[in-house]
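Worksheet: one structure, shown below.
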Amino acid sequence: MEYRKLGASGMFVPALTLGTATFYPPEMNDRTGTTDAAQSRRIIDVCLDHGLTMFDSATSYGRGHSELFLGEAIKGRRDKVIISTKAGMPSGEGPMRIGLSRQNLTTAIETSLTRLHTDYIDVFQLHCFDSLTPVEETLSTLDDFVRQGKIRYVGVSNFAGWQLMKSLAVAERHNLPRYVIQQVYYSLIGRDFELDLMPLGVDQGVSAAIWSPLGWGRLTGKLRRGQPVPEGSRLLKTQADAPPIDPERLFKVIDCLERVAAQVGKSIPQVALNWLLQRPTVATVIIGARNEKQLLDNLGAVGWSLSREQVAMLDAASTVYPLYPQWHQRRYTLDRNPSPVPTDVRDWFPQAGQDTY
Ligand SMILES: NC(=O)c1ccc[n+]([C@@H]2O[C@H](COP(=O)([O-])OP(=O)(O)OC[C@H]3O[C@@H](n4cnc5c(N)ncnc54)[C@H](OP(=O)(O)O)[C@@H]3O)[C@@H](O)[C@H]2O)c1
């Protein structure tokens, strides 16, 4: 397994992480395709056999069962795994179990440590921004946990660019922990990340961990034009929570993925994941697998690379028309005032008149 440096830190993480959002008992409401304790353990064993050592959870996943199953499965081999977990999304009833206050974060982190049977979390992320809690309060709470050795690296998830940049500035001003990772939604059918958060990551040394890399299970080869969403799939049960898409664009991307997959002799998920692994700032792609077969397929996304031409085909099929001020900066500013964003990132945005209307 390839390892990649985590932002402006000395930490290295595997190019693939296993997402554990589906780890919970089947008797609970089956919204995301449950993976029970025994299957979770088996999946974690297979990951470790293949050098995938990083596991992503959250206090909210499976109402705590994701961390519980993960904690059970790694007992006796804590030193072989990298634990990533998150807090801030609702993890219980009432206003005390949500957000980034000292109150909620302290409870959440201590609870995670207990569930995971560990005395430290390798990578701790804020699951979402909390506009009601001062950034200083959140950062000073994280600072206390870092100083106690209970958290090693910190990051965010689902922050807007200004929220992340403000947090980095406050951290610098008060000598508080600096975020080195942002967990973001990014896929061939969701490239908004490229507009602001990716350039910020390049400039500030914040790596990306990619969530829902197959677009919430849409880039798997199972979706067909004019056909119903497959029975029993996670997507069917959770469409209301899935990232929004333009169906026309989705099938343009799927058609292109099929062509590229046939050229390279790989599966559609493998091609979609490999494309992500080639994007700037991406340190790790968080794969979701309902079972061992899917996991083994997704593990085949590493160890090879799409050619420049194949990447260009996928870029073209998935291009997003740039928003303001990106189109303005691209047209008038970047050439005079070179951006830290690599040239090829700028090239992803179509030139005026080049795109279709
Ligand atoms: N930070 C956040 O806010 C956030 C949000 C969401 C997720 N996450 C993290 O990201 C992880 C992954 O998210 P995700 O599960 O939505 O990822 P995804 O890769 O977009 O979708 C995974 C789903 O696609 C299907 N699938 C996966 N591999 C396949 C294969 N090789 N062949 C056929 N079908 C395949 C499975 O569903 P079916 O078999 O049912 O089709 C699987 O559950 C989560 O576990 C969590 O750790 C974080």
Side-chain angles (χ1 to χ4, degrees), residues 16-24 30-35 39-40 43-44 46-47 52 54-62 65-67 69-70 82-91 123-129 155-159 181-190 193 197 208-224 228-239 241-243 245 250 253-254 257 261 266-277 282 284-302:
L16 296 179
T17 292
L18 180 79
T20 66
T22 55
F23 284 13
Y24 60 95
D30 179 9
R31 295 186 67 245
T32 50
T34 57
T35 311
Q39 286 171 315
S40 306
I43 283 180
I44 288 170
V46 174
C47 285
L52 189 163
M54 183 153 158
F55 300 92
D56 178 65
S57 189
T59 48
S60 54
Y61 290 172
H65 285 86
S66 161
E67 288 183 333
F69 288 3
L70 179 58
I82 299 169
I83 295 178
S84 153
T85 196
K86 312 183 276 295
M89 298 279 271
S91 60
V123 182
F124 179 79
Q125 293 128 121
L126 307 170
H127 209 152
C128 50
F129 188 67
V156 300
S157 183
N158 305 314
F159 273 36
I181 184 168
Q182 52 175 337
Q183 197 176 116
V184 294
Y185 169 58
Y186 185 30
S187 77
L188 271 163
I189 47 164
F193 165 64
L197 292 169
I210 308 305
W211 66 258
S212 287
L214 300 178
W216 202 272
R218 287 170 172 129
L219 301 178
T220 59
K222 287 180 279 199
L223 291 190
R224 289 279 169 257
V229 176
E231 212 39 64
S233 67
R234 172 167 181 266
L235 179 62
L236 184 66
K237 292 178 187 142
T238 59
Q239 283 206 73
D241 299 327
I245 47 137
L250 169 68
V253 168
I254 290 176
L257 273 169
K266 302 283 180 188
S267 69
I268 286 179
Q270 286 171 348
V271 172
L273 297 172
N274 194 275
W275 179 84
L276 281 169
L277 286 164
V282 172
T284 189
V285 172
I286 309 174
I287 54 173
R290 169 204 285 285
N291 53 41
E292 201 176 321
K293 184 165 174 272
Q294 291 179 357
L295 173 61
L296 290 171
D297 186 29
N298 296 345
L299 284 165
V302 290

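In each ligand, atom 1 is the first atom listed, and ligand 1 is the first ligand listed.
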Nearest non-hydrogen contact with [atom] belongs to which option: [options]?
atom                    : options          : value
atom 41 (O) of ligand 1 : K222, K86, H127  : K222
atom 27 (C) of ligand 1 : G288, A272, P230 : G288
atom 14 (P) of ligand 1 : S212, S267, G300 : S212
atom 12 (C) of ligand 1 : I268, V229, I286 : I286

Q: Could you go through the side chain to side chain donor-acceptor pair (under 3.5 Å) check for Q125 and S84 one step at a time?
A: CA-CA 8 Å; Q125 293 128 121; S84 153; 3.0 Å; yes
Is any side-chain heavy atom of [X] less than 4.5 Å from a side-chain heavy atom of [Y]?
X    : Y    : result
F193 : Q182 : yes
H127 : N158 : yes
T284 : I210 : no
T22  : R234 : yes

(Q) When you compare ligand 1 with R234, is there at least one nitrogen or oxygen pair between them that comes in under 3.5 angstrom? (A)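 Among all N and O atoms of R234, at least one is under 3.5 Å from an N or O of ligand 1.
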Q) Does an N or O anywhere in L235 fall below 3.5 Å from an N or O of ligand 1? A)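 Checking ligand 1 against L235, no N or O pair falls under 3.5 Å apart.
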Hey, which atoms in ligand 1 end up nearer than 4.0 Å to a heavy atom of [X]?
X    : result
G217 : 18 (P), 20 (O), 21 (O), 23 (C), 24 (O)
D56  : 9 (C), 46 (C), 47 (O)
A21  : 44 (C), 45 (O), 46 (C)
R290 : 38 (P), 39 (O), 40 (O)

Is the shortest distance from a heavy atom of [X] to ligand 1 less than 4.0 Å?
X    : answer
N158 : yes
T20  : yes
R218 : no
Y185 : no

**Q.** Pair W275-Y186, ring-ring contact (aromatic ring centres under 6.0 Å, His included): steps then yes or no
**A.** CA-CA 11 Å; W275 179 84; Y186 185 30; 5.7 Å; yes
Tell me the contacting part of [X] for ligand 1: side chain, backbone, both, or neither, using a 4.0 Å heavy-atom threshold, strictly below.
X    : answer
Q294 : both
P269 : side chain
S233 : both

Q | Worked check of side chain to side chain donor-acceptor pair (under 3.5 Å) between S267 and D297 | A | CA-CA 8 Å; S267 69; D297 186 29; 2.8 Å; yes
Q | Identified side-chain contact (heavy atoms from CB on, under 4.5 Å) partner of L18 from the options I286, L70, V46, L52 | A |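 Exactly one candidate clears the test, L52.
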Q) Between F69 and F23, what is the ring plane arrangement, given parallel below 30°, perpendicular above 60°, and tilted in between? A)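 Ring orientation of F69 relative to F23: tilted.
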Q) Does a donor on one side chain and an acceptor on the other come within less than 3.5 Å for T85 and E67? A)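 The answer is yes; a qualifying pair exists.
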